[in-house]
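A short write-up of the structure that comes next.
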2 protein chains.
Amino acid sequence: MKSEARSVGLPTTDWAAHAEQELKRAGHRSSAPRSAVVEVLGRQGCVLSAREIADELRADGRDVGIATVYRALELLDELHLVQRLDVGEGTVRYEPAHPSGEHHHHLVCDSCGRVSSFEDRDLERAIAHLAGRLDYQVGGHDVVLRGACPACSSA
Amino acid sequence: MKSEARSVGLPTTDWAAHAEQELKRAGHRSSAPRSAVVEVLGRQGCVLSAREIADELRADGRDVGIATVYRALELLDELHLVQRLDVGEGTVRYEPAHPSGEHHHHLVCDSCGRVSSFEDRDLERAIAHLAGRLDYQVGGHDVVLRGACPACSSA
DNA sequence: CTATAAGTGAGAATCACTATCGCTCGCGGG
DNA sequence: CCCGCGAGCGATAGTGATTCTCACTTATAG
Ligand SMILES: [Mn+2]
Ligand SMILES: [Mn+2]
Ligand SMILES: [Zn+2]
Ligand SMILES: [Zn+2]
């Protein structure tokens with residue numbers, strides 16, 4: 001453990017390396033386009049759509065076909081390396097899923113659509129407890145709070 | 001106030017009447033197609049997609065244009081008479097939202113896609129508490145648990 | 001180095017949903 | 001009860017995200 005100079009938070013930078021490793025472990029070839037998608041996801045840390053990733057890459061001079069972006073995201077999702085978030089505005093978004101299980105949930109503003117995030121240990125505990133009591137093999141969960149963001153509610 | 005003969009539970013049957021009332025209160029005309037949509041939603045009680053509603057009506061001999069179904073759902077959503085649920089499979093689903101605030105959340109099976117539901121007071125309490133602490137005007141929430149349903153996990 | 005199949009990407013196809021627009025009809029005023 | 005008008009309807013065209021196709025490229029096992 002050397003350069004863990006980051007503060008308390010999430011190992012954002014390491015996620016990309018972890019993802020590449022898992023892709024290889026799962027028997028997938030390495031390719032520049034897919035790696036570029038992984039890199040952009042890792043840099044951002046929170047939700048990004050396929051189009052946003054493609055645009056980011058284009059701005060970077062590394063054009064990647066949109067179909068390839070979708071395929072990379074689908075694969076990453078299958079390997080549980082990303083978390084899908086669908087807030088119902090027609091476009092799905094993805095963010096890195098850390099192997100530690102560390103994660104956050106989202107707040108969506110009903111007026112401006114902006115997405116922010118929060119973490120809450122009590123909420124996680126309630127979900128874990130609940131999941132244990134259900135007749136269901138619970139593997140994951142999504143929580144989305146909706147309302148008005150500070151900017152919109154003060155307006 | 002006369003026939004409020006409901007028991008403790010969810011006023012599933014009454015919801016349709018309540019919705020009609022709210023629609024009128026909000027200044028909307030009454031029409032057979034829209035009422036038919038409301039009636040189907042009220043009969044079902046849990047999540048239905050626009051297509052499912054249209055199919056149900058067609059089977060019933062009461063054809064309603066798909067555009068009308070979407071419009072009715074949009075309106076009901078604006079009036080907070082239905083709850084939208086988007087589990088990310090490309091189609092949005094709706095279910096009656098009871099004025100009491102009584103509600104449930106959903107379990108989605110990753111293999112068969114089936115949707116079931118649960119209620120949990122502790123979870124609601126955790127969310128309420130959390131919402132109070134956030135710098136955000138929280139108006140609602142969605143919780144989706146994902147995993148394998150009993151049928152799929154035993155297979 | 002080569003053969004082979006994974007991966008890519010341009011473009012077509014899907015599919016849920018929205019916008020259009022001429023027609024219908026609920027309903028308030030007379 | 002009758003009218004007129006705008007809310008509501010529905011067939012259909014349009015939109016935008018995502019998926020499919022297929023010929024081409026390239027990582028990589030042997
Ligand atoms: Mn959580
Ligand atoms: Mn709840
Ligand atoms: Zn906002
Ligand atoms: Zn199942």
Side-chain angles (χ1 to χ4, degrees), chain A residues 19-41 47-58 60-79 81-82 84-94 113 115, chain B residues 19-41 47-58 60-79 81-82 84-94 113 115:
Chain A
E20 295 285 6
Q21 190 181 120
E22 287 303 302
L23 284 167
K24 183 182 299 176
R25 189 195 317 270
H28 295 278
R29 293 185 186 171
S30 107
S31 80
R34 187 190 285 153
S35 292
V37 170
V38 167
E39 199 235 305
V40 169
L41 272 169
V47 288
L48 277 178
S49 68
R51 168 115 7 230
E52 286 166 345
I53 291 169
D55 289 349
E56 184 87 20
L57 288 170
R58 189 166 316 113
D60 231 331
R62 300 182 283 176
D63 282 47
V64 172
I66 189 69
T68 297
V69 175
Y70 277 108
R71 277 188 296 241
L73 291 171
E74 180 186 7
L75 179 57
L76 291 168
D77 189 30
E78 278 164 14
L79 296 177
L81 292 167
V82 292
R84 285 179 62 128
L85 176 69
D86 189 333
V87 294
E89 271 87 54
T91 75
V92 176
R93 301 195 258 205
Y94 298 82
V115 175
Chain B
E20 295 285 8
Q21 189 182 121
E22 288 301 303
L23 284 167
K24 184 183 299 178
R25 192 196 314 271
H28 295 279
R29 292 185 185 171
S30 107
S31 80
R34 187 190 285 152
S35 292
V37 171
V38 168
E39 199 234 306
V40 170
L41 272 170
V47 288
L48 278 178
S49 68
R51 176 143 325 266
E52 285 166 345
I53 292 170
D55 289 348
E56 184 88 20
L57 289 170
R58 187 165 317 112
D60 230 331
R62 300 182 282 175
D63 283 46
V64 172
I66 189 70
T68 297
V69 175
Y70 278 110
R71 275 188 298 242
L73 291 171
E74 181 186 8
L75 180 56
L76 291 168
D77 189 29
E78 279 165 13
L79 296 177
L81 292 167
V82 292
R84 285 179 63 130
L85 176 68
D86 190 332
V87 295
E89 270 86 57
T91 76
V92 175
R93 300 195 258 204
Y94 297 82
V115 175

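So you know, we letter chains A, B, ... as the sequences are listed, proteins then strands, and number each from 1.
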Report yes if a side-chain nitrogen or oxygen of [X] is closer than 4.0 Å to either non-bridging phosphate oxygen (OP1 or OP2) of [N]; otherwise report no.
| X | N | result |
| --- | --- | --- |
| Tyr70(A) | dT19(D) | no |
| Thr91(A) | dG16(D) | no |
| Ser31(B) | dC9(D) | yes |

Is it the case that the side chains of Glu20(B) and Ser30(B) hold a donor-acceptor pair, with the cut-off being a distance below 3.5 Å and no angle test?
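Checked: Ser30(B)/Glu20(B) side chains show no N/O donor-acceptor pair below 3.5 Å.
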By nearest heavy atom, map Arg93(B) and Pro33(A) onto DNA chain C; which one lands nearer the 5' end?
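Looking at the nearest nucleotide for each, Pro33(A) comes out on the 5' side.
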Residue met sooner reading DNA chain C from 5', once Arg84(B) and Asp63(A) are mapped to nucleotides:
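Its nearest nucleotide lies further toward 5', so the answer is Asp63(A).
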Could you tell me whether Arg84(B) and Glu74(B) make a salt bridge, using a distance below 4.0 angstrom between a side-chain N and a carboxylate O?
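Glu74(B) and Arg84(B): not salt-bridged.
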Ion pair check, Arg62(A) and Glu39(A), cut-off under 4.0 Å:
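Here Arg62(A) pairs with Glu39(A) in a salt bridge, since their nearest N and O are under 4.0 Å apart.
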Using atom names, set out every protein N or O paired with an N or O of nucleotides 20-26 of chain D below 3.5 Å, distance rounded to 0.1 Å.
from, atom 1, to, atom 2, distance (Å)
dT26(D), O2, Arg29(A), NH1, 3.3

When the distance from [atom1] of [X] to [atom2] of [N] is rounded to whole Å, what number comes out?
| X | N | atom1 | atom2 | value |
| --- | --- | --- | --- | --- |
| Asp86(B) | dC15(C) | CG | C1' | 14 Å |
| Leu75(A) | dA6(C) | CG | P | 13 Å |
| His28(A) | dA5(C) | NE2 | P | 17 Å |

Are any side-chain N or O atoms of Glu52(B) and backbone N or O atoms of Ser49(B), one a donor and one an acceptor, separated by less than 3.5 Å?
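Indeed, once roles are kept as given, a pair shorter than 3.5 Å links the two residues.
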Which part of the nucleic acid, if any, lies within reach of Thr68(B) when heavy atoms closer than 4.0 Å are counted: base, sugar-phosphate only, or nothing?
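Base, at least one base heavy atom under 4.0 Å.
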Assign Ser49(B) to base, sugar-phosphate, or nothing according to its heavy-atom contacts below 4.0 angstrom with the strands shown.
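Nothing, no nucleic acid heavy atom in range.
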Check each of Leu76(B), Val47(B), Leu81(B) against Leu41(B) using the side chain to side chain contact (heavy atoms under 4.5 Å, CB included) test, and report the only one that passes.
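Running side chain to side chain contact (heavy atoms under 4.5 Å, CB included) over Leu76(B), Val47(B), Leu81(B) with Leu41(B) returns exactly one hit, Leu76(B).
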